[in-house]
Amino acid sequence: PLLDVGCGSLRGGRMLIPYLRPGRYFGIEPERWLVEEGIERELGQDILEAKRPSFRFVDDFSASSFGVAFDFVLAQSVLSHTYPDLAAKALGEVARVLASEGMLFATFIEGERTPKGSGWVKAAVPYRWERMRALVEDAGMVARRFEWPHPRQKWFVAGLPEAESRIEDISKRLRFPLRT
């Protein structure tokens with residue numbers, strides 16, 4: 001199963017849901033209206049009925065209520081809008097629901113100084129890689145960066161310690177891996 005953190009208007013979901021088996025896509029999003037718009041304008045009722053995606057409308061990143069251990073978690077353009085306290089919460093929640101060999105693929109904005117603050121922010125919150133990696137490690141996971149085309153954000157893959165060799169391998173197989 002795949003968890004789409006901050007699934008929003010299904011920018012990623014509309015591409016993923018058709019290729020997953022029924023009942024294997026799960027999305028969490030604080031704004032119900034965004035998902036409803038995505039279903040109406042991007043996905044459609046027919047595929048919704050055939051693929052049976054599940055959604056939870058939460059603002060605390062909790063996904064354990066799905067009762068699923070996720071093989072894949074996607075958090076694209078989520079951590080880039082969280083101060084460290086909320087980023088730590090998000091990463092901790094992901095670690096709780098990740099399968100032992102599961103992988104988190106996430107983006108962040110790279111910058112020299114993380115501004116002070118708490119919670120969500122509409123503007124981008126920059127992190128040095130060392131700080132983001134520390135947040136991942138504090139959540140009980142290991143992470144590796146990799147280069148993947150994105151106009152503003154950097155990618156990393158993370159997982160539980162037992163998946164470290166898999167994380168290392170996948171980061172090398174993806175385009176232009178960066179050394180950690």
Side-chain angles (χ1 to χ4, degrees), residues 1-13 15-16 20 25-31 34 56 58-64 66 68-111 114-115 119-164 166-180:
L2 179 139
L3 174 63
D4 191 355
V5 176
C7 62
S9 62
L10 305 177
R11 281 186 310 178
M15 306 288 245
L16 297 166
L20 294 169
Y25 176 92
F26 298 81
I28 57 174
E29 169 60 44
E31 303 292 343
L34 278 173
R56 297 273 188 270
V58 298
D59 62 3
D60 63 359
F61 298 102
S62 59
S64 59
F66 286 123
V68 174
F70 293 98
D71 299 314
F72 300 97
V73 177
L74 176 64
Q76 195 267 323
S77 199
V78 173
L79 299 175
S80 53
H81 297 286
T82 60
Y83 286 109
D85 65 326
L86 195 55
K89 171 82 171 154
L91 293 164
E93 290 295 324
V94 167
R96 286 178 35 151
V97 298
L98 203 57
S100 63
E101 291 289 316
M103 293 182 287
L104 161 66
F105 293 88
T107 61
F108 70 103
I109 297 284
E110 191 163 34
T114 302
W120 290 100
V121 64
K122 289 187 183 205
V125 177
Y127 289 89
R128 287 184 20 247
W129 169 239
E130 294 78 16
R131 177 72 170 121
M132 182 57 68
R133 186 174 59 203
L135 288 168
V136 171
E137 290 172 356
D138 288 348
M141 296 185 288
V142 296
R144 300 290 184 275
R145 291 178 58 171
F146 63 91
E147 188 69 34
W148 191 261
H150 192 287
R152 292 185 52 218
Q153 299 196 38
K154 302 297 182 185
W155 283 93
F156 68 89
V157 58
L160 300 175
E162 54 264 40
E164 186 166 13
R166 187 171 186 211
I167 298 302
E168 181 71 26
D169 182 56
I170 197 76
S171 73
K172 288 178 181 175
R173 290 175 184 258
L174 295 170
R175 289 171 63 142
F176 312 116
L178 298 172
R179 295 291 158 219
T180 56

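What you see is a predicted model, and the numbers here were worked out from it, not measured in a lab. Residue numbers run from 1 in the order of the sequence given.
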Between CD1 on residue I167 and CG on residue L160, distance to nearest 0.5 Å: 8.5 Å
Flag side-chain contact, heavy atom, 4.5 Å: P161 against M141: no
Counting distance only, does the side-chain N/O of H81 pair as donor-acceptor with the main-chain N or O of K122 below 3.5 Å? yes
For A63 versus L3, what's the shortest heavy-atom pair and its separation? CB-CD2, 3.7 Å
Compare every heavy atom of R152 with every heavy atom of I109, then report the nearest pair and how far apart it is. CD1-O, 3.7 Å
With side chain to side chain contact (heavy atoms under 4.5 Å, CB included) as the criterion, how do L104 and L74 come out once you've worked through the C-alpha distance, each side chain's angles and the decisive distance to 0.1 Å? CA-CA 6 Å; L104 161 66; L74 176 64; over 6 Å; no
Check whether any side-chain heavy atom of F156 sits under 4.5 Å from a side-chain heavy atom of M132, and report yes or no. yes
K172 and E168: CA distance, side-chain angles, deciding distance, side chain to side chain contact (heavy atoms under 4.5 Å, CB included) verdict: CA-CA 6 Å; K172 288 178 181 175; E168 181 71 26; 2.9 Å; yes
I'd like to know if the side chain of D71 and the backbone of G102 have a donor-acceptor N/O pair within less than 3.5 Å. no
Tell me whether R145 contacts the main-chain N or O of K154 through its side chain, where contact means a donor paired with an acceptor under 3.5 Å. no
To the nearest 0.5 angstrom, please state how far the CG atom of D4 sits from the CE atom of M15. 12.5 Å
Min side-chain heavy-atom separation R144-E164 under 4.5 Å: yes
Stepwise side chain to side chain contact (heavy atoms under 4.5 Å, CB included) check, D60 with E93: CA-CA 9 Å; D60 63 359; E93 290 295 324; over 6 Å; no
Is the shortest side-chain heavy-atom distance between C7 and Y25 below 4.5 Å? yes
Between R131 and E110, does at least one N-O distance fall below 4.0 Å, as a salt bridge requires? no
Y127 versus S80: any side-chain heavy-atom pair under 4.5 Å? no
Would you compute the distance between atom CZ of F105 and atom OG of S171 and round it to the nearest 0.5 angstrom? 9.5 Å
Chi angles and distances behind the side chain to side chain contact (heavy atoms under 4.5 Å, CB included) call for L86, W120: CA-CA 7 Å; L86 195 55; W120 290 100; 3.4 Å; yes
Less than 4.5 Å apart, any side-chain heavy atom of V73 and any of M103? no
Evaluate the ring planes of F70 and F26, with Trp represented by its six-membered ring, and classify them as parallel (under 30°), tilted (30 to 60°) or perpendicular (over 60°). perpendicular
Heavy atoms of L79 and T107 approach each other most closely as CB-O, 3.6 Å
Considering all heavy atoms of both residues, which atom of G92 and which atom of A139 are nearest to each other, and what is their separation? N-CB, 3.8 Å
Would you say that V78 contacts F61 through its side chain, given a criterion of any heavy-atom pair below 4.5 Å between the two side chains? yes
Grab the two heavy atoms, one from A88 and one from L135, that are nearest each other, plus how far apart they are. CB-CD2, 4.0 Å
Using side-chain heavy atoms (C-beta onward) and a distance below 4.5 Å, is L2 in contact with L16? yes
Crowded around R11 CZ? As in, over 12 foreign heavy atoms under 6.0 Å? no
Please find the pair of heavy atoms, one from A143 and one from R133, that lie closest to each other, and give the distance. O-CD, 4.4 Å
Determine, step by step, whether F108 and W129 satisfy the ring pair (Phe, Tyr, Trp, His ring centres under 6.0 Å) criterion, reporting the C-alpha distance in whole Å, the side-chain angles of both residues, the deciding distance to 0.1 Å, and the verdict. CA-CA 9 Å; F108 70 103; W129 169 239; 5.7 Å; yes
Rounded to the nearest 0.5 angstrom, the CZ-OG distance for R56 and S64 is 9.5 Å
